[in-house]
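Please read these numbers as outputs of a predicted model, since none were measured by experiment. Note that ligands are numbered from 1 as they come in the structure, with each ligand's atoms numbered from 1 the same way.
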Amino acid sequence: MKVIIHGGFFSESSTNQEMKLAKQNALAEIVTKAHAFLASNTALDTVVYAVSLLEDSELFNAGIGSQIQSDGKVRLSASLMDGKSQKFSGVINLEDVENPIEVAKQLLAYDDRVLSGEGALAFSRANGHEYFNPITPQRQAEYEAKLNQQERKGTVGCVALDADGNIAVATSTGGKGFEIPCRVSDSATVAGNFANEFAGISCTGVGEDIVSGALAAKIVTRVTDGFSLQNACEKSFSELKPFDGFAGVIGIAGNGEIYHCDSHPYMVWASFDVSLQVFN
Ligand code: ASP
């Protein structure tokens with residue numbers, strides 16, 4: 001049983017030690033809860049549980065506290081993938097919902113498993129998700145000050161390997177901030193979130209770079225074809241270099257290998273294998 005989570009990139013690192021400590025504590029607490037949850041739940045239920053806790057933290061750019069698009073609206077994207085069934089589901093640019101990852105989980109039972117915009121909102125309301133405004137005063141102030149373009153805040157993700165050897169992955173984001181309304185992030189695509197029986201990968205970083213690198217699906221495919229997880233990540237990250245791709249990933253392989261890496265300093269993460277580990 002293993003679990004690893006990320007909280008995206010940390011842009012306040014050099015100036016704000018208080019924020020760093022808050023993120024370390026939040027990630028440590030959530031990964032510890034997720035590991036305990038995994039003892040009696042599947043990898044699939046665990047990644048949804050962990051990502052919903054991350055969405056509920058204002059420290060991260062997912063759920064409440066998400067960044068605001070250029071028209072003043074928050075639009076959330078989230079997806080999950082069950083490595084066992086190979087089913088992927090997600091929502092893209094969903095407005096006014098508290099936990100988009102839970103909507104993605106409900107969609108797993110349908111034939112039409114990725115919904116965007118108004119359709120995603122109608123599905124959410126029909127499936128018990130009430131109106132929720134994810135804009136915090138801090139994000140509103142940043143938006144008004146037009147600061148979002150300079151800061152890269154944290155998308156969230158989780159990969160889990162359960163006691164039956166099944167892998168699942170979930171990723172959730174508020175996007176990059178100040179984007180053209182309805183810009184599509186990598187987070188609800190197979191470039192940003194992918195799993196099969198051999199490995200699961202959740203990405204963060206510049207969505208366009210992650211899509212150009214087909215990153216999560218590529219790393220998982222390499223592991224499937226015999227690469228170690230670390231070698232698959234290293235080779236795939238070397239292929240981002242020609243276009244200076246900006247990305248970070250967390251992953252777990254079916255053999256239990258846990259790995260994380262980033263192209264630029266630095267992604268925040270925490271894992272629970274035999275013991276708790278947190279970025280520093
Ligand atoms: N990948 C996300 C996006 O491009 C942002 C992030 O991970 O920070 O929307």
Side-chain angles (χ1 to χ4, degrees), residues 4-13 19 23 26-27 50-51 54-55 57-71 73-81 90-95 100-101 104 114 116-117 120 134 139 142-143 147-159 169-194 201-219 236-237 240 243-251 260-269 279:
I4 184 166
I5 61 176
H6 72 73
F9 276 86
F10 191 65
S11 51
E12 302 98 327
S13 57
M19 177 61 80
K23 289 196 174 187
L27 289 170
V51 167
L54 289 159
E55 287 175 341
S57 169
E58 292 185 18
L59 292 171
F60 304 108
N61 177 28
I64 189 164
S66 285
Q67 300 199 105
I68 301 172
Q69 299 193 340
S70 58
D71 62 350
K73 295 201 162 161
V74 167
R75 294 183 183 86
L76 305 169
S77 297
S79 69
L80 78 155
M81 187 157 183
V91 288
I92 295 174
N93 286 318
L94 173 60
E95 293 177 34
I101 197 64
V114 182
S116 68
R139 290 289 190 250
E142 287 168 356
Y143 173 76
L147 283 176
N148 283 352
Q149 278 171 326
Q150 290 132 43
E151 295 259 325
R152 188 157 294 284
K153 298 208 172 72
T155 287
V156 302
C158 178
V159 188
V169 56
T171 307
S172 182
T173 190
K176 66 180 189 180
F178 272 177
E179 59 269 72
I180 297 173
C182 301
R183 169 244 182 200
V184 174
S185 151
D186 64 291
S187 302
T189 74
V190 297
N193 185 81
F194 197 78
I201 293 285
S202 169
C203 299
T204 181
V206 175
E208 288 71 8
D209 294 352
I210 293 165
V211 167
S212 296
L215 199 56
K218 186 188 279 182
I219 293 170
S236 304
F237 270 72
L240 297 178
F243 55 96
D244 193 27
F246 188 119
V249 302
I250 54 171
H260 64 88
C261 62
D262 43 31
S263 61
H264 295 70
Y266 61 85
M267 177 185 65
V268 302
W269 59 274
F279 81 95

- Message: Checking side chain to side chain contact (heavy atoms under 4.5 Å, CB included) between T171 and each of T155, I201, I250, L80, which is the one that passes?
- Response: T155
- Query: When T173 is tested against each of S79, S66, S187 for side chain to side chain contact (heavy atoms under 4.5 Å, CB included), which residue passes?
  - Reply: S187
- Item | Pairing residues for E179 by the side-chain hydrogen bond (donor to acceptor under 3.5 Å, both in side chains) criterion, not counting sequence neighbours | none
- Using heavy atoms and a threshold below 4.0 Å, how should the contact between N61 and ligand 1 be classified: side chain, backbone, both, or neither? neither
- Any idea which of Q67, H6, E179, R183 brings a heavy atom closest to atom 9 (O) of ligand 1? R183
- Going by the atom numbers of ligand 1, which of them fall below 4.0 Å from some non-hydrogen atom of T204? 6 (C), 7 (O), 8 (O)
Check this for me - ligand 1, [X], N or O atoms closer than 3.5 angstrom, yes or no?
X    : value
G207 : yes
C203 : no
E208 : no

- Query: Do you know which two heavy atoms are closest between G63 and L76, and how far apart they sit?
  - Reply: N-CD2, 4.0 Å
- Task: Let me see the working for L240 and F246 under side chain to side chain contact (heavy atoms under 4.5 Å, CB included), right down to the final yes or no.
- Result: CA-CA 8 Å; L240 297 178; F246 188 119; over 6 Å; no
- Task: With sequence neighbours excluded, give me every side chain to side chain donor-acceptor pair (under 3.5 Å) pair touching residues 205-214.
- Result: R183-E208
- Quick one: does G8 get within less than 4.0 Å of ligand 1, heavy atoms only? no
